[in-house]
Every structure is written in structure tokens, then in C-alpha cells.
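The block underneath contains the structure these notes are about, expressed in C-alpha cells.
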Amino acid sequence: MKQLIATRLFQLVAVVLIVGSISFALMYFLPGDPALRIAAGRYGPDMMDNAISDMVRAELGLDQPVLFRFLAWMGDLIRFDLGHSLVSGAPVLHEIALQLGYTLWLAALAFVLALVIGPLVGAIAGLFPGSIFDRVSLLVAVALRAVPPFVLAIVFMMVFGVTLRWFPTAGFGGWSNMVLPSLTLALGLAAMSSRVMRDAMSEVAASPYFAHGRYKGLSDRTVVMRHGIRNASLPVVTYLGLQMVYLVEGVVVVESIFAFPGIGHALVHAIIARDVPMVQGTALAMGGLFVLLNIIVDLMCLRLDPRLGRRAA
Amino acid sequence: MNTASLTHLPVELRDGAKPAFWQPVRIVGAVILLALLAFAFVGPLVIGADPLFQDYLAVLVAPGDPAHWLGTDHFGRSMAARLVHGAQLSFVMAFVTALSAAVPGIALGILAASRGGWVERGLVALSDIVLALPGLLLVLLLMAFAPGKFGPLYLGLALYLWVEFFRVARIETARVLALPCCEATRLLGFGPFYVFGRIVLPALAGPMMTLFAFAMGSAIIAVSTLSAIHVGLRPPTPELGAMIVELMPYYSEAPLQVLMPAGVIFLLVLSLQLLAGRKS
């Protein structure tokens, strides 16, 4: 348990360090004088002269040595002072707070859908290894794994959005906008986890305790639900930890393709506009989401297999 | 066979029954990959059309036309030429990136396992720091320095992909170095270079080839994804991901033109994943 907390704390610190220092470097190497740029943003390009930009430079400490400015930058970051967007002028924290809700819903929906589809398909395939269902699900999983999320997103958009007109393809106006993006992410996740579940399930189904459950007269349903699913889930949940990379990357990509008003979409826009404070804020939020998802997976592992917690404690 | 020649055998041969490398899945992957390589590298010589040449009298021609056998896109550019050059670009970029991730990754992995101590702890901590963020986020952050440029894209991908090579190389090297045959070879008076050349490197070859194929697949996905969200390589570069997104508005008139680049990406990644076999 202590080990888990230390790992995730280390990860969080690493996220803040990487995002903070890359953003600082971005600000530092961006062409032009930052004091002039900030002065123009504050007082308008017409009102600006050298005296005002010098004032801004002194006020923000832009004439200080690089190391000092870096420490000040990281200090602001730790105090959650993320600055203002260079494009809209709004506080970054405010913009992120708006978008984070959408992203969290999308990620949560995709996560839950993947947890339903993947293990379910895998469990059925694992209970009947070698069956037609097993083989078809293998083919689908192999194919889905080789399709990048953005291609899957575009195919869904074309089939369900343009041709069948079942779901909207862009923006956010209601729950129907969540269907295609979350399904895209969930299918990619489920393709991989279904095979892990299938292998785990066929192993459990061949185990002595599974046979014993049958011999002592438990119904098929009880044996599968009580002894099969729970024991087979552990490798799947552990594997989910590895898949969180896919989920977070997928959120960025799928949000951009579907013009979904979340953090990933904002991150891509901020990069194109070179809006450094927004890049930093959104990247921090996505990194934080990644750490959070990893913690959820850790907790799920602990819940499924209490031995993990006891061994360490 | 005398005892001297036994130590010359690679480890996996001496350890006995390991499954053959050329399983059916791998052969299928290799065949698809070879076909794509022929398409990408012989294709330009056969087709000869310029992937950037625009012909406004032949816009969105459907595939099967005698003059344009794979049709044309919305600017009347030959789809065949663009697909061939796009496949070549993806493949070359993926290969270069994977190579520049593999060489330092494997070298540092061997270094960490053989030196141990603070060198190993430092390198492992460094790799953990890189893994704290999902790879695509790291590449995106670096892309902010120069959107649309090849440099940060290549650097970011290599910076992320080396970690996997490092981790596996470190664990595998440590495992092999602890084997009795290494001990025996050292006691016989052979130097460290001999041990590495004859025992460690042959043992690393298999897992590293697998990782290399996976890394190439990841690089192809990343490059096309970044172009598709307008952060990667810029039009008019014939890049497969950019082609899909550029042609998307014309889907109802020319659905095949959207699907063809998607199909090439799919086959490239699929063949590499099949060739790699199962990860684990």
C-alpha cells in the first residue's frame, strides 16, 4: 500500500516537472520579447511603448536570470497560478474547469463501456475456447488493435453519423454526442482486454477449484459468476493499468476528431496557437487524469485481490 | 562436438526447447509487410506520377479509371502516387524513429544491468519520469516548439520509445548475466566484450526484434494521428493520416479515396504487429 502511494506520488511529481519545464522552455524560446507581447495583450498594441514594456518586464521579473525565472515559474505552478490564456485572456484555471467536466464524462463512459464489453466478450470466448465465437472475437480484436483510434473515429463518423444519421458527429449538445467518441475509445480498449480476459478465463475454467465447484453441485451460473469471473478479472484489471496510456492518448485524439469541447481538444488548439499557459494547463490536467486513472486501477486491483494490500502492510 | 563450440552457441539454442521463430502468424505478417514494402519502394518507379501534381480537369475521379487506376483526390492529384509516397514516408519515418530509440535504449539497458548501483537506479528513475506522461502527450508538448516540423516529432517519438527497449534490455541482460554459462565463461578467462558479443547480444536479439516491430507500429500510428489532428506534418506532404482527414469532406462523393489511406495504415500496423508476435 505504501509502495503504491509512493509510486503514484512520484508519478505526479514527474508530471508536474515535465510539463512545467517544457512549458517554461516554450515560453523562453518563443520568438519575440515576452514583455512586449504581454504589454500588448494588457494595454492594447496602440497604447504600448518601450516604457510600458520595461515596466511590465520589471513587474514580472523578466529581467531576472533564467534560473530564477524558472523557479518562479514552477512556484506559480505549484500554487495553481496557471496564468491567463494568451489567446482569450481568460484565466487558464477557469477554462480548464469548464472543459474538465466534459473530458471526465467521456473518459468515464469509455472506461465503463470497455469494462463491460471487453471482459464479457473475453469471458464467453474463454469458457468456450476454440468455438466460432472465440475465433471471430480473436479476429476482431487483432483487427481493432491495428486501427489507430482516429481512423476508427472517422469510420464511425462516416457510418453512424453521415450514412445512417443516428448520432451527431461533432460538438456537444447532449448525451447523443458522447456515443460515438466513447464507443470509439471503448472498442479500442476492449479489443485488447478481451483477449487477456479470454486467456485468464480459459485458464480458470480448466483449474481444479472450478471443476470442484461444479462437482459439489453449484449451478453453471454460480460457478462462473462467483469463481470464474472474479479470479479471471485480476489480470484484466492489472492490464487495464497499461491501457490507461491508450485511454488518455485516445481522449486527446478522439476529442479533436469529434470537436468535443474537452481538455484534449483544448490542448491541441493551444499547441497550434502556441498559447503556452493553456498548453501547460491542459497538459497538466491530462497528466493528472492519467495519474488519477492509474490510482483507480490500483484500487480496483486491491479490491479484487486483498492479498496485494496485506502482503505489503 | 567439443566443449569449446558449445559456448559459441547462442543461449536460446542451449537452453533447449523454445518455439520456432517462424510461426504462421509471423509468416502472414512478413508477407503483408513485404508486399507493402514493394508497394512503397518499387511503386514510385512504376507509377512515376508526381504526388503533388494537381489536375483540376480530373478531380475526385473514381478508382478504376484507365488514366488514374486508383482515382484522384479533391485537387486532382493521383491517389496511386500519393498512397505510394505516403506509405514510403510512414515506413521510413517509423524505421528511423524506432532505430534511434532502440540503439540508446538497448545500450543504456545493458549498461544499467551490468553496472548496477547508482547508474542503474538513476537510469530507471529517468525512464519512470518519461513514462509518467502518456507518450502522445509528451510528443504533443514537444510539437508546440515547432508545429508541423519533422524535428520535434522525431525527437519526441524517439524520446518516448527508447524506454521500452531500455526496460526489456535491462531485465533480460540481468537475467542472462546471472546464468551459470556466463559465470563459467568469465571464469575461463574470457573478457566482458566476449561475454556480451557471444552470450548477451544473441539472447537480446529476439525480444529486441519484437520490440522494434511494435515501436515501428506505434510510430506509424503516432505520425498519422498527429497529422490527422493538424499538429504533425503539414499538407501537401503525402502523409496517410493527413490524406484521410483532407478527403473526409468528400466522403459522400468519393468514399473509396478516404478508405484507401486508412487501409494502408491498417495493413502497415497489422503486418508489424503480426510480425512482432505476442507482446509479453
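In what follows, chains carry the letters A, B, and so on, assigned in the order in which the sequence lines appear, proteins first and then strands, with residues in each chain numbered from 1.
When all heavy atoms of Gly135(B) and Val245(A) are compared, the pair lying nearest together is N-CG1, 4.4 Å. For the pair Ala125(B) and Phe10(A), the tightest heavy-atom approach, listed with the atom from each and the gap, is O-CZ, 4.0 Å. Minimum heavy-atom separation, Leu137(B) to Met286(A): CD1-CB, 3.5 Å. A pairwise comparison of heavy atoms in Ile265(B) and Pro148(A) identifies CG2-CG, 3.7 Å as the closest pair. Contact detail for Leu141(B) and Ala283(A): the closest heavy-atom pair is CD2-CB, 3.8 Å.
Interface remark: Leu267(A) contributes side-chain atoms only to the contact with chain B (heavy atom separation under 4.5 Å). Using a 4.5 Å cut-off between heavy atoms, Met244(A) does not touch chain B at all. Within the 4.5 angstrom heavy-atom criterion, atoms from both the backbone and the side chain of Ser224(B) approach chain A. Heavy atoms of Phe145(B) lying under 4.5 Å from chain A belong to its backbone as well as its side chain. Interface residue Ala143(A): backbone and side-chain heavy atoms are both found under 4.5 Å from chain B. Using a 4.5 Å cut-off between heavy atoms, Val253(A) contacts chain B through both its backbone and its side chain.
For Phe111(A), the CZ atom is densely surrounded, since the number of other residues' heavy atoms within 6.0 Å is greater than 12. Within a 6.0 Å radius of CD in Glu120(B), more than 12 heavy atoms belonging to other residues, nucleotides or ligands are found.
A distance of 9.5 Å separates CG of Leu226(B) from CZ of Phe150(A), quoted to the nearest 0.5 Å. Residue Leu142(B) holds its CG atom at 8.5 Å from CG of Leu26(A), rounded to the nearest 0.5 Å. To the nearest 0.5 angstrom, Ile154(A) atom CD1 is 5.0 Å from Met248(B) atom CE. If you take CD1 on Ile229(B) and CD1 on Ile271(A), they are separated by 8.0 Å, rounding to the nearest 0.5 Å.
Between chain B and the options Met158(A), His265(A), Gln11(A), Gln280(A), heavy-atom pairs under 4.5 Å are most frequent for Met158(A). The candidate with the highest count of non-hydrogen atom pairs below 4.5 Å against chain A, out of Ile221(B), Thr225(B), Leu138(B), is Thr225(B). Heavy-atom pairs under 4.5 Å with chain A peak, among Val130(B), Asp128(B), Leu140(B), Val231(B), at Leu140(B).
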message: Assess the residue pair Leu274(B) and Val142(A) against the criterion (side-chain contact (heavy atoms from CB on, under 4.5 Å)); give the C-alpha distance rounded to whole Å, side-chain angles, the decisive distance to 0.1 Å, and a yes or no.
response: CA-CA 9 Å; Leu274(B) 292 181; Val142(A) 168; 4.3 Å; yes
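Inspection of non-hydrogen atoms places Val15(A), Ile18(A), Val19(A), Ile22(A) of residues 15-24 of chain A under 4.5 Å from chain B.
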